[in-house]
Amino acid sequence: MATQPVEATFPDAKHRASTSTQWWRSAVIYQVYPRSFADSNGDGIGDLPGITSRLEALAYLGIDAIWLSPFMRSPQKDAGYDVSDYQDVDPLFGSLDDFDAMVARAHELGLRVLVDLVPNHTSDQHAWFKLALESAPGSPQRQFYHFKDGRGPNGELPPNNWLSMFGGPAWTRITNPDGTAGQWYCHLFDSSQPDLNWENPEVRQAFEEILRFWLNRGVDGFRVDQPHAMGKAAGLPDHPDIERAGAGFIEGEPSPPMWFQESVHEIFRGWRKILDSYPGERAMCGEAYVLPLEFMALWVRPDEFHQTFNFRYLDCDWQPAMLRQTINESFAAFDSVGAPSTWVLSNHDVVRHASRLGGDYGRPTASNGIGPDDPQPDNELGLRRARGATLFTLALPGSMYLYQGEELGLPEHTSLEPQYRQDPTFFRTKGIRVGRDGARVPLPWQAGTSATNGFNDTGAGWLPQPDVYRQYSRDLQQGVTGSTLELYRTAIALRNQLGLGHGSFEWAEEFVGETSLGFINNGILVVHNFGSEPIALPSKKVLAASFTETDGKLEPNDTVWLRL
Ligand code: NOJ
Ligand code: CA
C-alpha cells in the first residue's frame, strides 16, 4: 500500500449516539449509475424502466435510499454530467413518465430517491450556452458563463492559467458567427462542459426552479456535483501555483481562485430553505472535495448541506494509523456542527475498492484508473480486504454510501482495451490517464443468460464486461451463505437492528495498534486485522464476520462484529 504521512494528531474520538431520527443521519444510500444498472430495451445502455424492474433487488439488500447519477437530457460527453436540459429525461434513459413510475415504485418499496444536480457547468448544447455563443461579448446572454477576452496581442492566449480537471487548459476559444476568433470560455472539466457564472442572479433563480421541479416530482433530495467549484474569485485571477493548479485543494495553502469560494454558502442556504419548505425530510449531499475536514464541516452547518461525502475517508490508505486519524478527524469535525459523517469506499470516479485494495494504486481520487498495461491487482486479496473494509465501515455511526456492484464484490475492469474508452479524461490526456470507465461497466444480474449476464437480453453493452464478471452475477449470490451479496445484506440488517448508524463510537484500546483497529458502537466490538498474523478474540458471540467464521481468531484482512 502507498503510505501517506500522518501529520497532526487528533485526540481520540468519542462520538455520542444521536437521538435524532432523521433518516439521512444513518442511511445506507446506494448509488445507481443508470447507464450500467439494468437495460430494459436491449440497446446496451441501462435505463429508467430497467432500474424500476430491479428495485426489488435493492429492497432485498436492505438499503434506505438510492442516488441516481444524471439521467437528464445530455449529449453524454461526460456520461450525463453535461446536462443540456435539467428538466427532462434523456430519451436514452426513458421519459419523465418512466421517472415518475420509478419513484412511485421505489417509494412503495420504502426506498427514498436522490437525484444528481450538476450546477457548476452545463453542456455546451444547453440553450443558455447556444444563446451565449450567438450573442455579443458583454451581453446578458454571455453573463450566464465565464466568457473573457484572451491575453496576448490578438487575444490568442487563454485569459488565465487554470487547468481542466480532465487535462489541458480550462479555457476554449470560440469562433464568432462571422468566422473570426472570439472570446474564451472557462471549463474546469471537458470543453463540452462550460462553467456557469454563479454571480448572475438569473443562474441562481433558474436552479431554484430546477430544484423545485424535481422536489415537486417527489424526489427525496439531491446529490450535488462539484459544489466547491461553483464560486470563482472576482476577476478570475491566475492560480498562484500553476504546477499544482489542476490538483484542486492544497492543504494548508490559501484557497485557489476556482475552488472553495465563500460566496457559495449563501447559495446552499437558499437551497436548504427550499428543501425545508417541502413535507418529509428532503436532504442534500454535497460532492464537496474540501479538506481539511474542519473546513468541510462548514459546508454541513445546520442551514447548509445535510451531508458531504467524506473524501478523506475514501482517500485514506487502508492502514491503521491513517485510518485512526481520519476517523478521529471525521468525528471531531462533523460533531462540531451537529452533522453526521458519511462513509464511502467506492463510486463511479474511483477504482472499485475490491481491486484497489489488491494492489498499490495510491490515492483513489487522484488515481488515473488501471489499464491493461498497468500492474494488475490481486483481486482475490482485494476482495478479501474489501469485504473486511466494508464490514468495518458499515459499523461506523453516520451514513454510508455504496456504489452499485460493490455488493457483488465486483472488481474493476482493468483490461479494457482503448477502443472502448469513453471517459473524456482518456482523450484529453491522450491516453496517459486511462480514466474511469473500468468502474462503470454494466452489472451482471444472471450468469450466462446473455453476453452481458442479464444486464439485458441482447448482450449489447456500452462497455464490455470482462469474462470474470459472470462468476460475480447476482443470481449466483442471492441466498448463498458466505456470498458477498449476503454479507452486505446481513450486515445492513444487523446495522439497523443494532442501531449502529445512530450509534456511539469509542476506540477499543486493546485492539488499536500497528496491525489492528477496534472500536465499540452500542455495545458491539468491531475489529479489523491489518496484519499478517491471526489475532486472538475475546470469547463473545460473533454477530458478523467478513470472511470465514472466526473460531476465536481473526485472520488477516478480516473484520468481525462481537457482542460484548
Ligand atoms: C464529479 C462527477 O462524479 C464526475 O463523474 C464528473 O465527471 C465531474 N464531477 C464533472 O461533473
Ligand atoms: Ca436501454
Side-chain angles (χ1 to χ4, degrees), residues 31-54 67-72 74-84 86 89-95 98 102 114-124 126 164-167 170 187-196 222-230 246 248 258-259 285-289 308-309 311 314 344 346-351 364-365 367 369 401 403 422-428 433 435-440 442-443 450 452 455-463:
Q31 180 188 357
V32 172
Y33 195 65
R35 48 172 50 232
S36 296
F37 188 71
D39 174 22
S40 70
N41 63 357
D43 66 355
I45 301 182
D47 44 51
L48 295 175
I51 297 171
T52 308
S53 73
R54 296 289 190 186
W67 144 40
L68 268 72
S69 281
F71 51 83
M72 295 81 186
S74 158
Q76 305 291 321
K77 292 278 172 53
D78 184 22
Y81 283 94
D82 50 320
V83 179
S84 57
Y86 289 89
V89 169
D90 196 286
L92 210 53
F93 300 116
S95 63
D98 293 329
M102 193 269 303
L114 308 182
V115 298
D116 221 307
L117 184 74
V118 187
N120 177 62
H121 43 265
T122 68
S123 158
D124 62 357
H126 195 288
S164 155
M165 294 303 285
F166 292 161
H187 53 87
L188 291 180
F189 296 90
D190 189 51
S191 57
S192 65
Q193 295 166 297
D195 281 37
L196 283 164
F222 302 92
R223 174 270 191 191
V224 179
D225 192 68
Q226 302 290 319
H228 52 299
M230 289 160 62
M258 69 286 258
W259 311 111
C285 177
E287 190 219 14
Y289 193 84
T308 59
F309 291 126
F311 284 112
L314 172 67
V344 58
S346 278
N347 65 36
H348 66 295
D349 291 328
V350 300
V351 171
T365 59
S367 154
Y401 278 81
Y403 176 50
Q422 307 227 2
D423 184 351
T425 314
F426 178 76
F427 300 102
R428 287 186 66 87
R433 291 159 61 185
R436 303 161 293 178
D437 295 311
R440 301 176 172 183
L443 293 189
S450 65
T452 51
F455 167 64
N456 53 18
D457 298 335
T458 57
W462 71 281
L463 289 174

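In this text the structure is predicted, and so the values were computed from the model without any measurement. Atoms within each ligand, like the ligands themselves, are counted from 1 in listed order.
Of the protein's non-hydrogen atoms, the one nearest atom 7 (O) of ligand 1 is Asp78 OD2, 2.6 Å. Protein heavy atom at the shortest distance from atom 3 (O) of ligand 1 is Asp349 OD2, 2.5 Å. Atom 1 (C) of ligand 1 has as its closest protein heavy atom Asp225 OD1, 2.9 Å.
With 3.0 Å as the limit, Phe93 does not count as an N, O or S neighbour of the Ca ion (ligand 2). Backbone or side-chain N, O or S atoms of Asn41 reach the Ca ion (ligand 2) at under 3.0 Å.
In this structure, Gln31 has no heavy atom closer than 4.0 Å to ligand 1. Heavy-atom distances between Arg223 and ligand 1 reach below 4.0 Å in at least one pair. A heavy-atom separation below 4.0 Å is not found between Met165 and ligand 1.
Side-chain contact annotation: Asp190 with Tyr81, donor-acceptor N/O pair under 3.5 Å absent.
In terms of heavy-atom proximity, Pro442 sits nearest to Leu463 at CD-O, 3.4 Å.
The OD2 atom of Asp47, the Ca ion (ligand 2) and the OD1 atom of Asp39 define an angle of 80° (nearest 10 degrees). Geometry note: the Ca ion (ligand 2) is the vertex, Ile45 O and Asp43 OD1 are the arms, and the angle is 90° (rounded to 10 degrees).
The existence of a salt bridge linking Arg440 and Asp349 is confirmed by a sub-4.0 Å separation between a basic side-chain nitrogen and an acidic carboxylate oxygen.
Atoms of ligand 1 lying under 4.0 Å from at least one heavy atom of Arg440, given by number and element, are 5 (O). Counting the atoms of ligand 1 from 1 in the order shown, those under 4.0 Å from a heavy atom of His121 are 10 (C), 11 (O). Atoms of ligand 1 found under 4.0 Å from any heavy atom of Arg436, numbered from 1 in the order shown, are 4 (C), 5 (O), 6 (C), 7 (O). Taking a cut-off of under 4.0 Å to the non-hydrogen atoms of Gln226, the atoms of ligand 1 that pass are 1 (C), 9 (N).
Contact annotation: for Tyr33 versus ligand 1, there are no heavy atoms closer than 4.0 Å. For Lys77, no heavy-atom contact with ligand 1 is shorter than 4.0 Å.
Tested against Gln226 for a side-chain hydrogen bond (donor to acceptor under 3.5 Å, both in side chains), the candidates His121, Gln193, Glu287 yield a single pass: Glu287.
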Between Arg436 and Asn347, does a side chain to side chain contact (heavy atoms under 4.5 Å, CB included) hold up when you go through it step by step? CA-CA 10 Å; Arg436 303 161 293 178; Asn347 65 36; over 6 Å; no
Between Phe93 and Arg35, is a side chain to side chain contact (heavy atoms under 4.5 Å, CB included) present by the stated rule, with each step listed? CA-CA 8 Å; Phe93 300 116; Arg35 48 172 50 232; 4.0 Å; yes
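Below 30°, between 30° and 60°, or above 60°: for His228 and Trp259 the angle between ring planes is below 30°, a parallel geometry.
For Thr122 (side chain) and Ser84 (main-chain N/O), no donor-acceptor pair under 3.5 Å exists by modelled atom type. Panel note: side chain Ser74, backbone Asp82; a donor-acceptor pair is recorded below 3.5 Å.
Under a cut-off of 6.0 angstrom, the local environment of CG in Asp457 is sparse, with at most 12 non-hydrogen atoms contributed by other residues, nucleotides or ligands.
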